[in-house]
Amino acid sequence: MIRPGPGTRIWLACGFTDMRRDFDGLAARVQSPLEQDPFSGQLFVFRGRKGDRVKLLWWDGDGLCLLAKRLENGRFIWPQASEGSVVLTAAQLAMLLEGIDWRRPVRTWQPETAG
């Protein structure tokens, strides 16, 4: 399981990525156009064209780790930009991987006034 440490940056690659890409293909995408180092220990997240698949690429210090997930229903919520990247928190990544809209999480409970 991917367990990045505290302070690890989580990058979403905007637009879509060919899900046939492997370790080397995704690492190349991290280097250009994202202009990041795939061996830095940061976590990089890529989404397929249909929006139902993501791949995560992460260097754990010994080698590259690749995690893939496909949603059976729904789509992963992604930024509208077609290029560039967005930085997420670990909580936002957890919501994204569950198919929850990480941009506007809605609380199910609102505090009531005392009295």
Side-chain angles (χ1 to χ4, degrees):
M1 183 67 187
I2 293 180
R3 294 198 186 269
T8 299
R9 295 190 82 174
I10 302 166
W11 297 88
L12 278 187
C14 294
F16 65 88
T17 300
D18 183 350
M19 288 289 106
R20 295 174 293 181
R21 289 184 183 238
D22 61 358
F23 293 95
D24 296 329
L26 292 175
R29 183 142 156 75
V30 168
Q31 290 173 329
S32 174
L34 297 181
E35 299 177 356
Q36 297 294 324
D37 179 8
F39 308 107
S40 63
Q42 299 178 71
L43 184 64
F44 300 93
V45 187
F46 304 91
R47 187 184 96 154
R49 184 180 292 271
K50 291 184 195 175
D52 65 340
R53 297 167 195 242
V54 292
K55 283 189 176 180
L56 289 78
L57 185 70
W58 176 58
W59 174 261
D60 70 353
D62 295 324
L64 284 172
C65 301
L66 184 63
L67 172 74
K69 181 168 183 177
R70 179 184 71 198
L71 289 178
E72 293 301 320
N73 293 307
R75 299 179 344 159
F76 293 104
I77 304 300
W78 221 250
Q80 295 296 322
S82 61
E83 58 185 46
S85 60
V86 173
V87 176
L88 294 183
T89 65
Q92 289 171 323
L93 176 63
M95 286 187 278
L96 180 138
L97 293 176
E98 293 294 325
I100 299 170
D101 187 348
W102 54 271
R103 300 167 303 175
R104 293 189 191 104
V106 178
R107 294 186 185 275
T108 58
W109 175 82
Q110 291 292 328
E112 296 178 19
T113 58

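We number each residue from 1, following the sequence as shown. What you see is a predicted model, and the numbers here were worked out from it, not measured in a lab.
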If you take all heavy atoms of [X] and [Y], which pair is closest and at what distance?
X: A27; Y: L57; answer: N-CD2, 3.6 Å
X: D60; Y: C65; answer: OD2-SG, 3.7 Å
X: P38; Y: W59; answer: O-CB, 3.5 Å
X: R29; Y: A13; answer: NH2-CB, 4.1 Å
X: S85; Y: L34; answer: CB-CD2, 3.8 Å
X: V86; Y: P79; answer: CG2-CG, 3.6 Å

Atom pair [atom1]/[atom2] of [X] and [Y] - distance to nearest 0.5 Å:
X: Q92; Y: L97; atom1: CD; atom2: CG; result: 12.0 Å
X: K50; Y: R70; atom1: NZ; atom2: CZ; result: 9.5 Å
X: E98; Y: L71; atom1: CD; atom2: CG; result: 9.0 Å
X: F44; Y: Q31; atom1: CZ; atom2: CD; result: 9.5 Å
X: L96; Y: I77; atom1: CG; atom2: CD1; result: 8.0 Å

Original post:
Do side-chain atoms of R53 reach the backbone of M19 as a donor and acceptor pair under 3.5 angstrom?
Top reply: no
Original post:
Between K55 and L66, is there a donor-acceptor pair closer than 3.5 Å when you use the side chain of the first and the backbone of the second?
Top reply: no
Are [X] and [Y] close enough that some pair of their side-chain heavy atoms sits under 4.5 Å apart?
X: L93; Y: L43; value: yes
X: R21; Y: F46; value: no
X: W102; Y: I100; value: no
X: L64; Y: L26; value: no

**OP:** Determine, step by step, whether F76 and K69 satisfy the side-chain contact (heavy atoms from CB on, under 4.5 Å) criterion, reporting the C-alpha distance in whole Å, the side-chain angles of both residues, the deciding distance to 0.1 Å, and the verdict.
**Re:** CA-CA 10 Å; F76 293 104; K69 181 168 183 177; 4.1 Å; yes
Original post:
Can you tell me if CZ on R75 sees more than 12 non-hydrogen neighbours from other groups inside 6.0 Å?
Top reply: no
Original post:
V45 and F16: same hydrophobic cluster, using ILVMFWY side-chain contacts below 4.5 Å?
Top reply: no
